[in-house]
Amino acid sequence: MRIKAAVLREFGAPLSVEEVDLAEPKTGEVLVRLAACGVCHTDLFTASGADPSGYAPAVLGHEGAGVVERVGEGVTSVAPGDHVVTLFSPQCRECVHCLDSRTNLCLAIREQQNQGFLPDGTTRLAAGGEPIRHFMGTSTFAEYTVMPEIALARISPEAPLDRACVFACGLSTGLGAAINTAKVAAGSTCVVFGAGLVGLGAIAGCRLQGAERIVAVDLSAERLDLARGQGATDVLHGGPDTVQQVLDLTGGLGADYTFEATGIVAVMRQAVESARMGWGLATICGVAGKGETLDVVPRFLITGRRVAGSSFGGVKGRDGVPQLVDRWLGGEIDVDPLISHRLTLAEVNRGFELMEAQDGIRSVIVFES
Ligand SMILES: NC(=O)c1ccc[n+]([C@@H]2O[C@H](COP(=O)([O-])OP(=O)(O)OC[C@H]3O[C@@H](n4cnc5c(N)ncnc54)[C@H](O)[C@@H]3O)[C@@H](O)[C@H]2O)c1
Ligand SMILES: [Zn+2]
Ligand SMILES: [Zn+2]
């Protein structure tokens, strides 16, 4: 079929919104009609050429929500008409990692996905007879996409898809960092560095876990206001003195749990140093630049602080995303303030501009149905 999609043709240049060919789903694959797709830093990171593992031409986009249109042979877990959220982090339910509760890093299709192919090593996307690669196994800046069944989370049909899409990446990452990775205990004190979608999700996750005190740290007063809306009890303007300020707020000891959601290694260090001795746990969510390292004085670790990393919030996508969506529908998570702009696919590059200007938390592309 012919579809409209935003294609990365040249690094550093605007995405090209054009007609491309999409082939039918093969065995284990699903054709999804996108209803909405968030615009995320990872898309821009790749489009800009800053990501050394990036490739072109490719159809970008990874924060999709839509409706199953057709399924390939052997697909049993979704059927036409089902509402789904796309997963850049799949869940095959069979590999050694999927069978272990300690991680969500499914091993099934990583290699092919990282190179821009579907699991059989080919693409379903092409233009003028030339193959176009898939991005993060999702390629959701498009009217339709073909994806592996194991990378689709079937969600409640009650969930509005133009908002459900934020559960495909940043929001679930933050929520999951607090709920799955840190497993925040009720009554504890938490500090969240960065109040973008990931940090705001972490704040909401700490609140859902019953944290008593949640300190949000950001540079933007507007974002700190949003942080209060998600459950922050205290807010701090970030800077070189933040660790001391956290110590002052916590009787000199530091927080039970800290979360880093900025991607800045100096802030990751602050997150480690703001965690309390004895048992403080710093959870790192941000993606640092290539070659950057986290500097930690080992004494912080000997005295009982721990550091954890979290990819997609430790959420096993097919099981966990539908549960998070249900909590949203049940009124426990407030998604509306996180969506600031609604764009058409043709305006995708405007989505990047808004993100660079830090205008709003998420711009969402809404597809005409
Ligand atoms: N681990 C994962 O699976 C995963 C998934 C999605 C995104 N990420 C990463 O998480 C990070 C956050 O993503 P986002 O979409 O929320 O980004 P964002 O840019 O919207 O938010 C980052 C926030 O950090 C704030 N900030 C900057 N310097 C600061 C400082 N010194 N102290 C405190 N706050 C500061 C900014 O003002 C901004 O509000 C990024 O690095 C992103 O790549 C990771
Ligand atoms: Zn994302
Ligand atoms: Zn797996």
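First listed ligand is number 1; within each ligand, the first listed atom is number 1.
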With nothing but distance in play, are any N or O atoms of [X] less than 3.5 Å from an N or O of ligand 1?
X: Gln270; answer: no
X: Val267; answer: no
X: Gly313; answer: no
X: Thr42; answer: no
X: Arg223; answer: yes
X: Gly239; answer: no

* **Criterion side chain to side chain contact (heavy atoms under 4.5 Å, CB included) against Arg362, the qualifying member of Val335, Val39, Leu197** =>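 It is Leu197, the one option of Val335, Val39, Leu197 that forms the side chain to side chain contact (heavy atoms under 4.5 Å, CB included) with Arg362.
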
* Test applied, side chain to side chain contact (heavy atoms under 4.5 Å, CB included); reference residue, Val364; option that passes from Leu343, Leu338, Ile339 ->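 Of all the options given, the one that passes is Ile339.
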
* Asked: Just wondering, is there an N, O or S atom on Cys92 that's nearer than 2.8 Å to the Zn ion (ligand 3)?
  ->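 Coordinating: yes.
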
Between [X] and [Y], is any pair of side-chain heavy atoms under 4.5 Å apart?
X: Met147; Y: Thr138; result: yes
X: Phe300; Y: Glu273; result: yes
X: Gln323; Y: Ile179; result: no
X: Val71; Y: Pro25; result: no
X: Arg124; Y: Lys26; result: yes

Counting only heavy atoms closer than 4.0 Å, does ligand 1 sit against the backbone of [X], its side chain, both, or neither?
X: Thr173; result: side chain
X: Met355; result: neither
X: Cys169; result: side chain
X: Thr242; result: neither

* To do: Before giving the answer on side-chain contact (heavy atoms from CB on, under 4.5 Å), spell out for Cys37 and Cys165 the whole-Å C-alpha distance, their side-chain angles and the decisive distance to 0.1 Å.
  => CA-CA 6 Å; Cys37 180; Cys165 61; 5.7 Å; no

Closer than 4.0 Å to some heavy atom of [X] - which atoms of ligand 1 meet that?
X: Gly286; result: 9 (C), 10 (O), 11 (C), 41 (O)
X: Val217; result: 33 (C), 34 (N)
X: Phe312; result: 2 (C), 3 (O)
X: Ser311; result: 1 (N), 3 (O)
X: Gly263; result: 41 (O)

* To do: Given side-chain hydrogen bond (donor to acceptor under 3.5 Å, both in side chains), test Arg318 with Ser77 step by step and report yes or no.
  => CA-CA 10 Å; Arg318 286 206 280 167; Ser77 65; 3.2 Å; yes

* To do: Check whether more than 12 heavy atoms from other residues, nucleotides or ligands sit under 6.0 Å from atom CZ of Arg102, and answer yes or no.
  =>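 No, CZ of Arg102 has 12 or fewer neighbouring heavy atoms, counting only those of other groups under 6.0 Å.
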
* Worked verdict on Ser220 versus Asp218 for side-chain hydrogen bond (donor to acceptor under 3.5 Å, both in side chains) -> CA-CA 6 Å; Ser220 146; Asp218 202 287; 4.7 Å; no

Taking [atom] as the reference point, the nearest protein heavy atom with its distance:
atom: atom 25 (C) of ligand 1; answer: Asp218 OD2, 3.3 Å
atom: atom 15 (O) of ligand 1; answer: His41 CD2, 3.1 Å
atom: atom 22 (C) of ligand 1; answer: Ala261 O, 3.5 Å
atom: atom 13 (O) of ligand 1; answer: Val198 CG2, 3.5 Å
atom: atom 29 (C) of ligand 1; answer: Leu219 CG, 3.7 Å

* **Nearest-0.5 Å distance, OG1 of residue Thr122 to CZ of residue Arg133** =>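 Between Thr122 OG1 and Arg133 CZ, I get 12.5 Å after rounding to 0.5 Å.
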
* Asked: Roughly how far apart are Ile333 CD1 and Arg163 CZ, rounded to 0.5 Å?
  ->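 Answer rounded to 0.5 Å: 14.0 Å.
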
* Applying side-chain hydrogen bond (donor to acceptor under 3.5 Å, both in side chains), run through Glu353 and Asn349 and close with a yes or a no. => CA-CA 6 Å; Glu353 286 164 19; Asn349 293 300; over 6 Å; no

* **Val297 and Arg269: CA distance, side-chain angles, deciding distance, side-chain contact (heavy atoms from CB on, under 4.5 Å) verdict** => CA-CA 9 Å; Val297 176; Arg269 179 175 181 164; 3.7 Å; yes

* Any non-hydrogen atom of Cys285 lying under 4.0 Å from ligand 1? ->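 The answer is yes, since Cys285 has a heavy atom less than 4.0 Å from ligand 1.
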
* **Opening angle at the Zn ion (ligand 2) [SG, Cys40; SG, Cys169; to 10 degrees]** =>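 Approximately 130° at the metal, rounded to tens of degrees.
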
* Asked: Where the Zn ion (ligand 2) is the corner point, what angle links NE2 of His62 with OE2 of Glu63, to 10°?
  ->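 Angle NE2(His62)-the Zn ion (ligand 2)-OE2(Glu63): 110°, rounded to 10°.
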
* Asked: Counting heavy atoms only, which of Thr262, Leu236, Ile284, Thr283 comes nearest to atom 24 (O) of ligand 1?
  ->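 Minimum heavy-atom distance to atom 24 (O) of ligand 1 goes to Thr262.
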
* Asked: Any idea which of Ile264, Leu226, Asn104, Val287 brings a heavy atom closest to atom 27 (C) of ligand 1?
  ->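 Looking at heavy atoms only, Ile264 sits closest to atom 27 (C) of ligand 1.
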
* Show the numbers, then the answer: is there a side-chain hydrogen bond (donor to acceptor under 3.5 Å, both in side chains) between Glu260 and Thr262? => CA-CA 6 Å; Glu260 179 282 330; Thr262 67; 2.8 Å; yes

* Work out the angle at the Zn ion (ligand 3) between SG of Cys95 and SG of Cys106, rounded to 10°. =>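 Here the angle at the metal atom is close to 120°, to 10°.
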
